[in-house]
**Student:** 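One structure is given below, represented as structure tokens, and several questions about it will come after.
Residue numbers run from 1 in the order of the sequence given.
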Amino acid sequence: MENLHSIAEVKSYEIVEKITEGCSGDEKYKLRKDGKYFLLRISDKAKTSEKRKEYEQLAGYMRTDIHTHKPILFGTNADIVYSIVSWVDGIPIMDIIKKDTSKNYYELGKKVGRELRKLHSYYTDIPKADWQDIVEERALRFLGNYHQRKIVFEGSKDAEQYILENICLMRDRPQTVLHGDFHWNNCVADEAGNVGIIDFSGGTTGDPWYEFGGLLWALEYSDSFANGQIDGYFDTIPGDFWKIFKFYAALYAFEHLAYSNGTPEDIRNHISNASRMIHIFGKSFELDLPIFRMKL
């Protein structure tokens with residue numbers, strides 16, 4: 001609360017509640033002013049560059065119909081960096097789907113896919129690093145962790161081989177400004193069915209298809225949502241999409257293993273999640289089309 005009271009602009013707002021959800025490490029509050037709601041984020045001042053990128057990214061989206069936060073103010077003081085943006089109303093899609101996994105969420109997925117395509121279509125004139133080099137460095141780091149921990153499970157060796165043999169797929173991939181943490185818990189839907197995108201992360205750039213890795217979380221609960229998101233994103237699915245999605249699914253699984261805290265229980269949980277992610281392409285990672293797509 002000390003950080004909160006050091007921000008002069010906050011005095012004109014009513015503090016509704018502190019928000020505890022999320023893994024960013026930011027201090028977050030829901031504010032109210034003139035009958036409208038806002039989101040305040042407070043971070044360590046060392047994150048100023050990252051947070052400025054996020055804020056400027058939102059400022060760019062103001063000229064579009066993307067349903068996301070509108071920037072209100074950005075500032076720093078001696079110890080912190082902070083921003084206030086408009087509130088995006090709705091329930092996290094993760095909560096909607098988990099509440100009743102028996103429903104068909106294809107149309108909801110399509111709405112999310114359309115919003116993601118808008119995000120990826122806006123920033124096109126950006127400096128482009130060598131995406132293949134970036135991905136290769138990540139892959140070697142994640143696979144190094146996998147070997148260091150001596151983690152082996154059904155399909156993991158096959159997925160590793162797929163990554164190593166298909167790094168060339170990353171050559172000359174298109175790039176844009178990414179959301180940075182795109183998954184079903186950073187998408188919300190309101191009572192009217194409108195979909196909003198929240199919680200951007202750092203204004204990173206890269207292959208837009210890289211952000212389909214976040215679908216691997218929703219796939220544990222809803223094939224229909226995943227199929228809808230892909231169909232909503234594309235008018236016609238490109239011929240090389242599934243090979244690249246398969247590559248990113250494997251990479252995402254090994255990345256997930258790298259976030260284990262090292263305790264036996266946490267390692268088991270991470271292995272279970274990584275195994276599930278890899279097995280969408282079969283027990284030995286042998287399928288060209290993921291199992292959830294075959295069910296259409």
Side-chain angles (χ1 to χ4, degrees), residues 1-33 36-62 66 68-90 92 94 119 123 126-127 129 134 137-138 141-142 145 175-188 196-206 210-211 213-214 217 252 255-263 266 269-270:
M1 295 293 285
E2 181 180 346
N3 287 331
L4 183 63
H5 296 310
S6 72
I7 304 172
E9 295 92 337
V10 171
K11 295 176 182 177
S12 64
Y13 293 82
E14 175 190 352
I15 301 167
V16 177
E17 62 177 328
K18 184 173 183 178
I19 300 167
T20 56
E21 293 87 355
C23 304
S24 66
D26 292 348
E27 207 173 319
K28 295 184 287 188
Y29 296 89
K30 186 176 184 178
L31 309 178
R32 180 164 48 210
K33 184 177 183 179
K36 297 179 180 178
Y37 292 101
F38 302 87
L39 173 67
L40 166 66
R41 300 183 74 115
I42 304 172
S43 307
D44 187 274
K45 199 169 184 179
K47 293 184 176 180
T48 297
S49 177
E50 172 189 335
K51 296 302 174 182
R52 191 182 300 277
K53 283 182 181 179
E54 290 176 15
Y55 189 83
E56 290 173 350
Q57 185 175 353
L58 294 175
Y61 293 146
M62 281 192 70
I66 298 169
T68 189
H69 306 287
K70 303 292 189 296
I72 307 299
L73 68 86
F74 180 90
T76 63
N77 62 31
D79 301 307
I80 60 172
V81 56
Y82 57 91
S83 64
I84 296 179
V85 298
S86 64
W87 185 264
V88 179
D89 197 28
M94 179 182 74
L119 290 178
Y123 289 102
I126 58 170
I134 291 170
E137 185 278 326
R138 291 179 188 175
R141 179 157 40 92
F142 300 149
N145 170 78
Q175 295 182 53
T176 188
V177 176
L178 304 177
H179 176 281
D181 191 22
F182 193 83
H183 53 74
W184 64 339
N185 204 32
N186 283 337
C187 304
V188 297
I197 310 300
I198 62 173
D199 280 357
F200 288 72
S201 182
T204 56
T205 61
Y210 185 73
E211 301 214 278
W217 295 112
Y252 201 100
E255 179 180 9
H256 179 65
L257 289 175
Y259 287 112
S260 166
N261 63 20
T263 64
D266 196 58
N269 288 336
H270 279 73

**Student:** How far does CD of E17 sit from NZ of K28, to the nearest 0.5 angstrom?
**Tutor:** 11.0 Å
**Student:** Against the six-membered ring of F38, is K33 placed for a cation-pi contact (under 6.0 Å from the centre, within 45° of the normal)?
**Tutor:** no
**Student:** Out of Y61, Y82, F74, which residue meets the ring-ring contact (aromatic ring centres under 6.0 Å, His included) rule with Y55?
**Tutor:** F74
**Student:** Run the side chain to side chain contact (heavy atoms under 4.5 Å, CB included) check on I15 and L31 step by step: do they pass?
**Tutor:** CA-CA 5 Å; I15 301 167; L31 309 178; 4.0 Å; yes
**Student:** Roughly how far, to the nearest 0.5 Å, is the OG1 atom of T204 from the CD atom of E211?
**Tutor:**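 Nearest 0.5 Å value for the CD-OG1 distance: 6.5 Å.
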**Student:** Between the side chains of E54 and K51, is the shortest nitrogen-to-carboxylate-oxygen separation below 4.0 Å, so that they form an ion pair?
**Tutor:** yes
**Student:** Would you sort out whether Y13 and I84 count as a side chain to side chain contact (heavy atoms under 4.5 Å, CB included), showing the intermediate values?
**Tutor:** CA-CA 11 Å; Y13 293 82; I84 296 179; 3.8 Å; yes
**Student:** Going from CD1 on I72 to CG on L39, what distance comes out if it is rounded to the nearest 0.5 angstrom?
**Tutor:** 10.5 Å
**Student:** What residues, two or more places apart in sequence or in another chain, satisfy ring-ring contact (aromatic ring centres under 6.0 Å, His included) together with H256?
**Tutor:**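 H256 satisfies ring-ring contact (aromatic ring centres under 6.0 Å, His included) with W217, H270 only.
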**Student:** Rounded to the nearest 0.5 Å, what's the gap from CD1 on I80 to CD1 on I7? Could you check?
**Tutor:**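 The CD1 atom of I7 is 4.0 Å from CD1 of I80, to the nearest 0.5 Å.
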**Student:** Within the distance-only criterion (no hydrogens, no angle test), does the side chain of Q57 pair as donor or acceptor with the backbone N or O of L178 below 3.5 angstrom?
**Tutor:** yes
**Student:** What's the shortest heavy-atom distance between S86 and T68, and which atoms?
**Tutor:**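 Scanning both residues, the minimum pair turns out to be OG-O, 4.2 Å.
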**Student:** For the NZ atom on K53, are there more than 12 heavy atoms of other groups (residues, nucleotides or ligands in this structure) within a distance under 6.0 Å?
**Tutor:** no
**Student:** Quick one: do K47 and D26 satisfy side chain to side chain contact (heavy atoms under 4.5 Å, CB included)? Show the steps, please.
**Tutor:** CA-CA 10 Å; K47 293 184 176 180; D26 292 348; 3.9 Å; yes
**Student:** Under a 3.5 Å distance rule, please check whether T48 uses its side chain to pair with a backbone N or O of K45 as donor and acceptor.
**Tutor:**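 Judged by distance alone, yes, a pair lies under 3.5 Å.
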**Student:** Just jot down the side chain to side chain contact (heavy atoms under 4.5 Å, CB included) partners of R138, sequence neighbours excluded, or say none.
**Tutor:** W131, I134, R141, F142, Y210
**Student:** Does the side chain of M62 reach to within under 4.5 Å of the side chain of P71, using non-hydrogen atoms?
**Tutor:** yes
**Student:** Examine distances only and state if a side-chain atom of N186 and a backbone atom of D181 form a donor-acceptor pair shorter than 3.5 Å.
**Tutor:** yes
**Student:** Applying side-chain contact (heavy atoms from CB on, under 4.5 Å) between E27 and each of I42, I19, D44, report the one that passes.
**Tutor:**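 The passing option is I42.
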**Student:** Measure across I198 and N185 and return the closest heavy-atom pair with its distance rounded to 0.1 Å.
**Tutor:** CD1-O, 4.3 Å
**Student:** Return the CD1 to NE2 distance between I197 and H69, rounded to the nearest 0.5 Å.
**Tutor:**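 Result: 9.5 Å between the selected atoms.
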**Student:** In Å, rounded to the nearest 0.5 Å, how long is the span from CG of D199 to SG of C187?
**Tutor:** 10.5 Å
**Student:** For H179, what residues pass the ring-ring contact (aromatic ring centres under 6.0 Å, His included) criterion, not counting sequence neighbours?
**Tutor:** F182, F200
